[in-house]
Amino acid sequence: MRVLFIHADYIEYEAREKALKNAEEIEKRKERCDECLVAFISVEEGDDGIAPRASKEIEEIAEKLNVERIVLYPYAHLSPKLASPDVAMKVLLNLESILGEKYEVCRAPFGWYKSFVISCKGHPLSELSKEIRAEGEEEEESEALKAEKKTTYWYIMTPDGELHDVSEFNYEKYPNLKKFVDYEISGTRAVTRIPPHVELMQKLELADYEPGSDSGNMRYYPKGKLVKRLIEEYVENRVLDYGAMEVETPIMYDYNHPSLKSYLNRFPARQYIVLSGKDKYFLRFAACFGQFLLMHDATFSYKQLPIRIYELAKYAFRREQKGELVGLRRLRAFTMPDMHTLAADMEQAKEEFRRQYEMAISVLKDFGLELGDYEVAIRFTRDFYEENREFINDLVRLVNRPVLIQMWDERFFYFVLKFEFNFVDAMNKAAALSTVQIDVENAQRYGITYYDEKGEKKNPYILHCSPSGAVERVMYAMLEKAYMDSQRGRKPMLPVWLSPTQVRIIPVKDEFMDYATAVMHDLADLGFRVDLDDRDLSVSRKIRDAEKEWIPYIVVIGEKEISEEILTVRIRGEGVKVMKMDEFLKILEEKVRGYPRAKLPLPALLSMRPKFRG
RNA sequence: GCCACCGUAGCUCAGCCGGUGGAGCGCCACCUUGGUAAGGUGGAGGUCGCGGGUUCGAUUCCCGCCGGUGGCUCCA
């Protein structure tokens, strides 16, 4: 709430005409008040419960000025983020009644165009403005947080189903789990350097900051765009194979939509707001809304369940705090594969949960991320655990390693069970990748129903699943992992199917260019991403550049290769090997089989490529 | 959002206590035709993040803003 205070000799105002359709009805159009404190007030978003606090602030000033009369004057122009009229009205009425106990209060009518004349006293304290923060809201939030902390229990569960105290567990064999636990519970951080993946995303010309946009909205260079698209395609294929139906839903939603509103209000507002004329919309922060609204209108029966729908939320928007944004790890606009499964009952929900858990493991594996690169967290309510011990144990047994468990006495969120796979990066920070949750709340909130055996309407359980997590975050994890590999003396690289250039051809002299070009075309025709370094540079220099690009296969072509019809291939991380073309093709084919394919994202001749970054 | 640090050529960075700026890489030209991580010579390129202030004079000092990074908070 923003308030402009004027200590006045008098104020006169007159309501002229309605500014809002639902302006309040008034009896007396004209008012005058002498020797008073006038408070021009803008009620802002989130001010719902602010009246008691605001009245204290106003009283304080009134006391200092020693006035008996207070004028509450609704004045919208102090703030760009006004509360809705009904909220503002409520707050003003509240203020009026609280202040009315001690002061004579005039309240100027709400929702009218008014003319006014004011005489300001002009002494040092006679004019001041104040921003009264909706601390009530913050308190509530921290109360909820405190409550969560009070009734949260942390354990490590071993594959035998045993729960161990987090502080007593022996982490010797699981250093990453230790890092993850520390990060989760105490939030330990002790590093001061640019995250490795940020330097890499720039150096490899994958992605970069875009200062022309809002922070946390990235640009992708051709190579980065390719990698991103391949990841998206891959996840999409997996989800469709799993049985999901792809849909597309809007990226913005009515701020005042009833079901959406109650969902939004459960959390501190972190939305991007879009104004369309006078109407307010928020940008989606996940694909949930669109899919829920869509399923609300669908008709289906228990025989069709489970039903799975999927969308690649490009983008999902979250206006994270400035200080939280980092490279590709935490963004304000990101790409989220989001699948929702409607399940008839808890048994079916559990069955799906388990299958999706396994799918997530397999998906990450194809990005080169293995158990141990990431740690498993499983979170649930105590009730759920009591009824499903064996089910939980089974999840831990499946990964065959200790898992972080968080258990709540009460349900704070919309889910009763959730898992995440948390990647532990080079700076010992953790970031969630895959996740699945069993939602027991939103089917009701959105009025999603199916017909059961008796023909009665029932709310299904809803599973939220992102088998990979945000696409940008997958890129982040791959780059961080590559960096950690290089620290251990291994050559950093992306999986071959994701490498922007899979094969680089380097002719030893200009005269071999025709032959080299022919080799390039042979490979390209088979769907591999091949390019050719035709620049006027030494062979070793070209090799160096290719290595810096993490190219998995470098083929040098000279006299020997041409006369003997062989290929000399420098395989990343393995060394130089001489082979026949068909042998090379076999190796390549094996590396990309089953993965999405795409064309080279840049001109095939290196001499034709711009430099996007240094 | 709060606190701290940083912002000099496309990139990475040097520039002491105020007197209008340098290197390497990259780019362009020429020479060089090369065999598995940098061949040589020359040239172009800068409102020193933006806006104010102090000063005869500011890249340098002060304030504000923007952007990046780290910490706190947060992470539906």
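Taking atom C1' on both nucleotides, B:C65 is separated from B:G7 by 14 Å, rounded to a whole Å. Rounded to a whole angstrom, the distance from the P atom of B:C13 to that of B:U8 is 9 Å. Taking atom P on both nucleotides, B:G46 is separated from B:A23 by 15 Å, rounded to a whole Å. Comparing the P positions of B:G42 and B:G26 gives an interatomic distance of 15 Å, to the nearest angstrom. Spacing between B:G10 and B:C48 at atom P, rounded to whole Å, works out to 12 Å. Between B:C5 and B:A9, the two C1' atoms lie 24 Å apart (nearest whole Å).
A:Ser538 has a side-chain polar atom (N or O) that falls below the 4.0 Å cut-off from OP1 or OP2 of B:G39. In this structure, A:Lys509 reaches the B:G34 phosphate: one of its side-chain N or O atoms is under 4.0 Å from OP1 or OP2. Taking only side-chain nitrogens and oxygens, A:Lys322 comes nearer than 4.0 Å to OP1 or OP2 of B:G67. Distances shorter than 4.0 Å separate none of the side-chain N or O atoms of A:Arg609 from OP1 or OP2 on B:G26. For B:U33, the OP1/OP2 oxygens have no side-chain nitrogen or oxygen of A:Lys542 closer than 4.0 Å.
Closest to the side chain of A:Lys429, from the set B:A37, B:G71, B:C74, is B:G71. Nearest nucleotide to the side chain of A:Val539, out of B:U36, B:C31, B:G68: B:U36. Nearest to the side-chain atoms of A:Arg613 among the listed nucleotides B:U73, B:A38, B:C11 stands B:C11. Distances were taken from every side-chain heavy atom of A:Arg330 (C-beta onward) to each of B:U36, B:C74, B:G34; the shortest belongs to B:C74. Across B:U36, B:C74, B:U33, the shortest atom-to-atom separation from the side chain of A:Asp510 is found for B:U33. Which of B:C75, B:U36, B:G35 sits closest to the side chain of A:Ile543 comes down to B:U36. For A:Phe285, the listed nucleotide lying nearest its side chain is B:A76; candidates were B:U36, B:U33, B:A76. With distances taken from any side-chain atom of A:Asp536 to the nucleotides B:G34, B:A76, B:G35, the minimum falls on B:G34. Closest to the side chain of A:Ser540, out of B:G39, B:G70, B:G34, is B:G39. For A:Glu559, the listed nucleotide lying nearest its side chain is B:G35; candidates were B:G26, B:G35, B:C74.
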Self-check item: side-chain hydrogen bond (donor to acceptor under 3.5 Å, both in side chains) evaluation trace for A:Asp214 with A:Tyr272
Solution: CA-CA 11 Å; A:Asp214 189 21; A:Tyr272 272 105; 2.5 Å; yes
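Of the nucleotides present, B:G42 is the one that pairs with B:C28 by Watson-Crick or G-U wobble criteria, both distances under 3.5 Å. With a cut-off of 3.5 Å on both Watson-Crick or G-U wobble distances, the partner of B:C2 is given as B:G71. In a base pair of the Watson-Crick type (N1 to N3 plus N6-O4 or O6-N4) or a G-U wobble (N1-O2 and O6-N3), with each distance short of 3.5 Å, B:U55 is matched with no nucleotide. Nucleotide B:G7: paired with B:C66 (Watson-Crick or G-U wobble, both distances less than 3.5 Å).
As a whole-Å value, the separation of A:Leu433 CG from B:C75 P is 19 Å.
Residue-level contact check: A:Asp545 touches neither bases nor backbone, having no heavy atom under 4.0 Å from any strand.
A donor and an acceptor atom, one from each side chain of A:Glu311 and A:Thr249, are located under 3.5 Å apart. Between A:Asp425 and A:Tyr483, the side chains place no donor N or O within less than 3.5 Å of an acceptor N or O (distance only, hydrogens not considered).
Looking at residues two or more places apart in sequence or on another chain, you find a side-chain contact (heavy atoms from CB on, under 4.5 Å) between A:Ser540 and A:Ser538.
Aromatic ring orientation, A:His464 versus A:His340: perpendicular (interplanar angle above 60°, classes split at 30° and 60°).
Of the listed residues (A:Met218, A:Arg330, A:Lys228), just one forms a side chain to side chain contact (heavy atoms under 4.5 Å, CB included) with A:Glu472, and that residue is A:Lys228.
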